[in-house]
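The block underneath contains the structure these notes are about, expressed in structure tokens.
Sequence lines set the chain letters: A, B, ... in the order given, protein chains first and strands last, and positions in each chain run from 1. Both backbone and side-chain heavy atoms feed into the values below; hydrogens, waters and symmetry mates do not.
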Amino acid sequence: AQSVTQLDSQVPVFEEAPVELRCNYSSSVSVYLFWYVQYPNQGLQLLLKYLSGSTLVKGINGFEAEFNKSQTSFHLRKPSVHISDTAEYFCAVSHGSGNTGKLIFGQGTTLQVKP
Amino acid sequence: EPEVTQTPSHQVTQMGQEVILRCVPISNHLYFYWYRQILGQKVEFLVSFYNNEISEKSEIFDDQFSVERPDGSNFTLKIRSTKLEDSAMYFCASSEEVLLDEQFFGPGTRLTVL
């Protein structure tokens, strides 16, 4: 069975500092990997996704993530955060085969950017 | 920019009552989903729906739950007899394709069962 673990429930960071939000997954089959962001009182918005090809994926708002198959990780990074990046971030996986679109989410990480 | 909308934003109901949560997916999308998030917990998959049929459903999606696309624009989730543990935020999502495509999420309906 697939599962996703986000190792940090909260990550406080100062504005303009770099940040890494960690995500590990377990799956016995090939997976597709996603990061979603949720701003207060809004739905989830896709930041980036890894389907195949280059393991470094660039997304919106200056975020990027690296797929590491040997470590089964898909950590999200940003070199310099802004106050507006304060939000909940969710890592998710979906099956590579027989896919019905089902997303399995991690617990979420709250990114708190301080001035 | 097209977006997924959900109504109501907040629904309060008594245990045992039926509720219908409504979603209007993006108009050219063909795949539809419901997820829920109990307060403080993960976002959990409930069901995926394509071509007027359920593609996959989770263990949570038992006989008390049903989905319908009644008129080609709305996508509804019905809970026949609500329980206290159904209290959660319910998210609708839609995508143009299933495999490689982004799922667009609505803002959610907060369901409170008293």
Side-chain angles (χ1 to χ4, degrees), chain A residues 1-10 23-27 29-53 57 59-61 63 65 87-110, chain B residues 1-7 9-10 21 23-26 29-51 53-61 67 88-110:
Chain A
Q2 295 173 311
S3 67
V4 179
T5 302
Q6 291 182 243
L7 298 164
D8 307 296
S9 59
Q10 292 190 0
C23 172
N24 286 87
Y25 69 93
S26 66
S27 176
V29 298
S30 62
V31 294
Y32 300 115
L33 294 152
F34 305 81
W35 275 99
Y36 280 83
V37 61
Q38 184 181 29
Y39 299 104
N41 301 315
Q42 295 186 28
L44 284 74
Q45 179 184 1
L46 183 69
L47 273 178
L48 48 77
K49 60 185 177 184
Y50 171 79
L51 305 176
S52 65
V57 179
I60 62 171
N61 301 341
F63 283 93
E88 187 86 8
Y89 291 80
F90 295 94
C91 181
V93 302
S94 113
H95 254 303
S97 59
N99 193 7
T100 60
K102 170 184 176 181
L103 291 173
I104 297 172
F105 285 88
Q107 300 94 322
T109 298
T110 302
Chain B
E1 186 174 327
E3 58 182 15
V4 176
T5 59
Q6 290 185 244
T7 54
S9 56
H10 191 187
L21 309 183
C23 168
V24 179
I26 294 172
H29 286 187
L30 301 176
Y31 298 86
F32 313 108
Y33 314 87
W34 283 101
Y35 295 84
R36 79 171 186 190
Q37 184 180 28
I38 295 171
L39 190 63
Q41 297 186 24
K42 296 184 182 192
V43 176
E44 301 172 290
F45 170 81
L46 292 178
V47 66
S48 59
F49 189 86
Y50 168 70
N51 199 25
E53 289 184 350
I54 290 174
S55 307
E56 185 174 357
K57 59 183 180 179
S58 71
E59 292 175 355
I60 303 165
F61 195 89
V67 289
M89 181 73 91
Y90 288 80
F91 294 104
C92 172
S94 69
S95 63
E96 195 169 352
E97 297 178 18
V98 66
L99 188 57
L100 304 178
D101 205 29
E102 173 181 356
Q103 291 183 26
F104 289 80
F105 282 76
T109 292
R110 180 164 297 286

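- In this structure, chain B has a heavy atom under 4.5 Å from the side chain of A:Q38, while its backbone stays farther away.
- Under the 3.5 Å distance criterion, the side-chain polar atoms of B:Q6 are matched with a main-chain donor or acceptor of B:Y90.
- Contact annotation for A:Q42: only backbone heavy atoms (N, CA, C, O) come within less than 4.5 Å of a heavy atom of chain B.
- Considering B:S94, B:S48, B:S95 as possible partners of B:Y33, the one that fulfils the side-chain hydrogen bond (donor to acceptor under 3.5 Å, both in side chains) test is B:S95.
- Of the possible polar contacts, one joining the A:Q107 side chain to the A:Q6 backbone as a donor-acceptor pair under 3.5 Å is found.
- B:Y50 has its ring centre less than 6.0 Å from the ring centre of B:Y31.
- Among A:G43, A:G108, A:S9, the residue with the largest count of heavy-atom pairs under 4.5 Å with chain B is A:G43.
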